[in-house]
S.K.: 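Once you've had a glance at the structure underneath, I'll fire off some questions.
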Protein chains: 2
Amino acid sequence: MDMDSRKEKILEAVVLDYIQTAEPVGSRTISKKYNLGVSPATIRNEMADLEEMGLIVQPHTSAGRIPSDKGYRYYVDYLMQHDQIKKEARDYIQESIKKKTTEVEETVNNILDILSTTTHYTPMMLINEQQADHSLQLLQLLPLEAGRALMVIVTDDDKIENRFIQIPPQFGKEDLELVSQMLNMHLKGLSVDGWQKNVLENIFSQLQRQKQVVDSALGMLAGILHKNNNSEEKIYYKGGLNMLTQPEFQDVGKVHNILMTLENKEVVNKILNNNNINEISVKIGTEHDIPDLQDCSIIVASYKNNGKEIGKVGLLGPKRMDYSNSMAVLDVLLKDLNGGESDE
Amino acid sequence: MDMDSRKEKILEAVVLDYIQTAEPVGSRTISKKYNLGVSPATIRNEMADLEEMGLIVQPHTSAGRIPSDKGYRYYVDYLMQHDQIKKEARDYIQESIKKKTTEVEETVNNILDILSTTTHYTPMMLINEQQADHSLQLLQLLPLEAGRALMVIVTDDDKIENRFIQIPPQFGKEDLELVSQMLNMHLKGLSVDGWQKNVLENIFSQLQRQKQVVDSALGMLAGILHKNNNSEEKIYYKGGLNMLTQPEFQDVGKVHNILMTLENKEVVNKILNNNNINEISVKIGTEHDIPDLQDCSIIVASYKNNGKEIGKVGLLGPKRMDYSNSMAVLDVLLKDLNGGESDE
DNA sequence: ATTAGCACTCAACAACCTCGAGTGCTAATA
DNA sequence: TATTAGCACTCGAGGTTGTTGAGTGCTAAT
């Protein structure tokens, strides 16, 4: 049995109507609301075929049909109109994006807010910490009270790190200045793997007396510059409560499960990382393997800045979510974040 | 009509049983489970009195009784045993507290975690930023590329602040060093209101050439030391989902209201600040004036460190919450945080 | 190929009944 | 006088039954 144009129209009608009403869709409804020019009886026959093909299901005899996961998939892949979102929504997004802040955390929060309020689903984000090593812009040791100093390090991306360090009590301002100058001179502009053995030996030989301090300073410096190891992916999500407004989630137990699942960062990580695609991706119901979220769908897109992926953005909603609008919103948001239409 | 010992025992039985079972308590149950040595009939008479006094209510004819807000209040004020919490719970708390961290945020999170897991209610915290001005421990200007410098400031409480500042392009390392030394020399150990006019004039007169830089450095310094203005109270809460496990909150709409309310920082602030008491305080149902939380009770305690209040800790639960245990947990936790038994 | 017609199914809803936990009242009892 | 046994009464919870209506599948006519 094959899909023909009419079957597709009927499937589309079932999906659209169910997305809108959350009620099983009957043949009469389709015949009336979506003018295909055929009678309910004909539609019934077609629906029986669609059911046989596994695209729609009946919750029980004498109920209308609702889309199966496979049905949603067919809709998303072949039938869905890639809408433009409303101008006002687009304006809102573009307006909201403008308050760009320096703190990653705030930017992320802003994005989550925008998505949560425009879609009423549950947005989440994953940010990859910068993977590249950093190089040194400035290092300075400053004397505090006896035995204690402050190390200030500025990396090439203008990030500042401060560390208190222990120094021998007799260590004076001049010693610190000397160490600072030596380290600055030899290591400025270099990342950790640019540290050549002979340079380090050179430093140590010139700073025999301050060896201990140099040692600990270098250790800390290396830790700060070398981000590979402690690079962690940060996870954020918001608007879990939006789920509570969906008619399919009126059961407290169910909702509790879903929300508990979202609290688990590993799961959210899995959701967002599962698909290492470049484009936008949709996982419907059982297509992802998180049991507690099998009544949900997830749209994941890659979050770029100047063409470089720096994270993922996800949007969790009921399977009955408005895929078209959601994807359009994500699209607009992410393109604008990426600085205009430069993508693609 | 007065309370006598027997009425109190019956009220206590109603409260305790209802806290435990979440079901209206009948006269037979009391007679059987709480051996008062009298028959159900007698208990019925007494219960009628208690109802007349407004301490218990009947959800409907032919149901048992449940405590009214006033009944809970009487229980909390006069009847409740101030239990010791179980040794294992105490051990758990004391163990968990140990991982004290430097970041306020982490400490708070830790406390919220402890409360959430031990009580299964919804803990929240408010932290008053330090109100007092700080004094200067160290100030240093460090040269970056031409026209740009880094200002490092260490305050008396070892907090480090960094600011980039603009400097005239011809400004050299020596100028920066000079400015640093002068500011350090004259202002070290002082808070903003210790800045005497003649000292400032002195600085400016000696640093004519660097006036502009000194100006902006002083401005930033003042902002950093003078905390009064930007002192904001920070609000945290956790474990809102715990509410979902309570049998009285099986209605999604209700839960949604409650959780939305908690998202509102102003409300949480109000909850925690409403009572400017020193001791631990309990607000039951309508005693606090937040409509959406009138099915809940809130225990608020003052969070001290070395005898000084630095915030509040709250615990939100159903009216049917275990007041005795909750208060005991809070008590142990806060006393331990305050460094042993020093309080009172 | 389409559709009108019809018998059939089943969830949702309402009406009704029964059960039992719980009450208040009264009269007997200690 | 305080307590209690006894009893009639109330009412929610839960089960049964009947009705309704939306929806189906099948068949025969177009």
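Below, chains carry the letters A, B, ... as their sequence lines are ordered, and counting in each starts from 1.
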S.K.: In whole Å, I'd like the distance from the CD atom of A/Glu51 to the C1' atom of D/dG23.
M.R.: 12 Å
S.K.: Among residues 21-32 of chain A, which residues get a heavy atom nearer than 4.0 Å to DNA chain C?
M.R.: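 Per residue number, the list is empty: none.
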S.K.: Could you go step by step and tell me if B/Thr29 and B/Glu23 meet the side-chain contact (heavy atoms from CB on, under 4.5 Å) rule?
M.R.: CA-CA 11 Å; B/Thr29 314; B/Glu23 296 290 336; over 6 Å; no
S.K.: Describe, as an angle rounded to 10 degrees, how the axis at the first end of the helix from C/dA1-D/dT30 to C/dA30-D/dT1 is tilted relative to the axis at the last end, five pairs per end.
M.R.: 20°
S.K.: If you draw a 6.0 Å radius around CD in A/Glu248, do more than 12 non-hydrogen atoms from other residues or ligands fall strictly inside?
M.R.: yes
S.K.: Provide, to the nearest angstrom, the distance between the CZ atom belonging to B/Arg6 and the C1' atom belonging to D/dT1.
M.R.: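 Checked: the CZ to C1' distance equals 12 Å.
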S.K.: Throw together a table of side-chain donor-acceptor distances under 3.5 angstrom for residues 288-295 of chain A, partners on residues two or more places apart or in other chains.
M.R.:
unit_1	atom_1	unit_2	atom_2	d
A/His288	NE2	A/Gly285	O	3.0
A/His288	NE2	A/Leu293	O	3.4
A/His288	NE2	A/Cys296	O	3.2
A/Asp292	OD2	A/Thr261	OG1	3.4
A/Gln294	NE2	A/His288	O	3.4

S.K.: Using 0.5 Å steps for rounding, measure from the CG atom of A/Asn242 to the NE2 atom of B/His256.
M.R.: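 Going from the CG atom of A/Asn242 to the NE2 atom of B/His256 covers 7.0 Å.
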S.K.: Below 4.0 Å from chain B heavy atoms, what is the first contacting nucleotide of DNA chain C and what is the last?
M.R.: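 It runs C/dA21 to C/dG24.
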S.K.: Considering residues at least two apart in sequence or located in another chain, which fulfil the side-chain hydrogen bond (donor to acceptor under 3.5 Å, both in side chains) criterion with B/Tyr237?
M.R.: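 Checked B/Tyr237 against side-chain hydrogen bond (donor to acceptor under 3.5 Å, both in side chains); matches are B/Glu263.
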S.K.: Under 4.0 Å from OP1 or OP2 of D/dT4: is there any side-chain N or O of B/Thr42 that close?
M.R.: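 It does, given that an N or O in the side chain of B/Thr42 lies less than 4.0 Å from OP1 or OP2 of D/dT4.
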S.K.: More than 12 heavy atoms of other residues, nucleotides or ligands under 6.0 Å from CZ of B/Arg28: yes or no?
M.R.: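 No, because the 6.0 Å sphere around CZ of B/Arg28 holds 12 heavy atoms or fewer from other groups.
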S.K.: So, taking the atom named OH in A/Tyr18 and the one named CZ in A/Arg65, what distance separates them when rounded to the nearest 0.5 Å?
M.R.: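 These two atoms lie 14.0 Å from each other.
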S.K.: How long is the straight-line distance from CD1 of A/Ile30 back to CG of A/Asn35, given to the nearest 0.5 Å?
M.R.: 12.5 Å
S.K.: What distance do B/Leu11 atom CG and B/Lys7 atom NZ have between them, rounded to the nearest 0.5 Å?
M.R.: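 These two atoms lie 11.0 Å from each other.
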S.K.: Mind running a 4.0 Å heavy-atom check of residues 60-69 of chain A against DNA chain D and sending the residues that fall below it, in number order?
M.R.: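 Output list: A/Ser62, A/Ala63, A/Gly64, A/Arg65.
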S.K.: Going by atom types only, do B/Gln84 and B/Arg90 share a side-chain donor-acceptor pair under 3.5 Å?
M.R.: no
S.K.: In whole angstroms, how far is the P atom of D/dG23 from the CD1 atom of A/Ile43?
M.R.: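 In whole Å, D/dG23 P lies 12 Å from A/Ile43 CD1.
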S.K.: Should the heavy atoms of other residues, nucleotides or ligands under 6.0 Å from NZ of A/Lys33 be counted, would the total exceed 12?
M.R.: yes
S.K.: One thing to verify: whether B/Arg73 and B/Asp69 come together as a salt bridge, which I'm taking to mean a side-chain N less than 4.0 angstrom from a carboxylate O.
M.R.: no
S.K.: Roughly how far, to the nearest 0.5 Å, is the OG1 atom of B/Thr21 from the CG atom of B/Asp17?
M.R.: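 Taking CG in B/Asp17 and OG1 in B/Thr21, the distance rounds to 4.5 Å.
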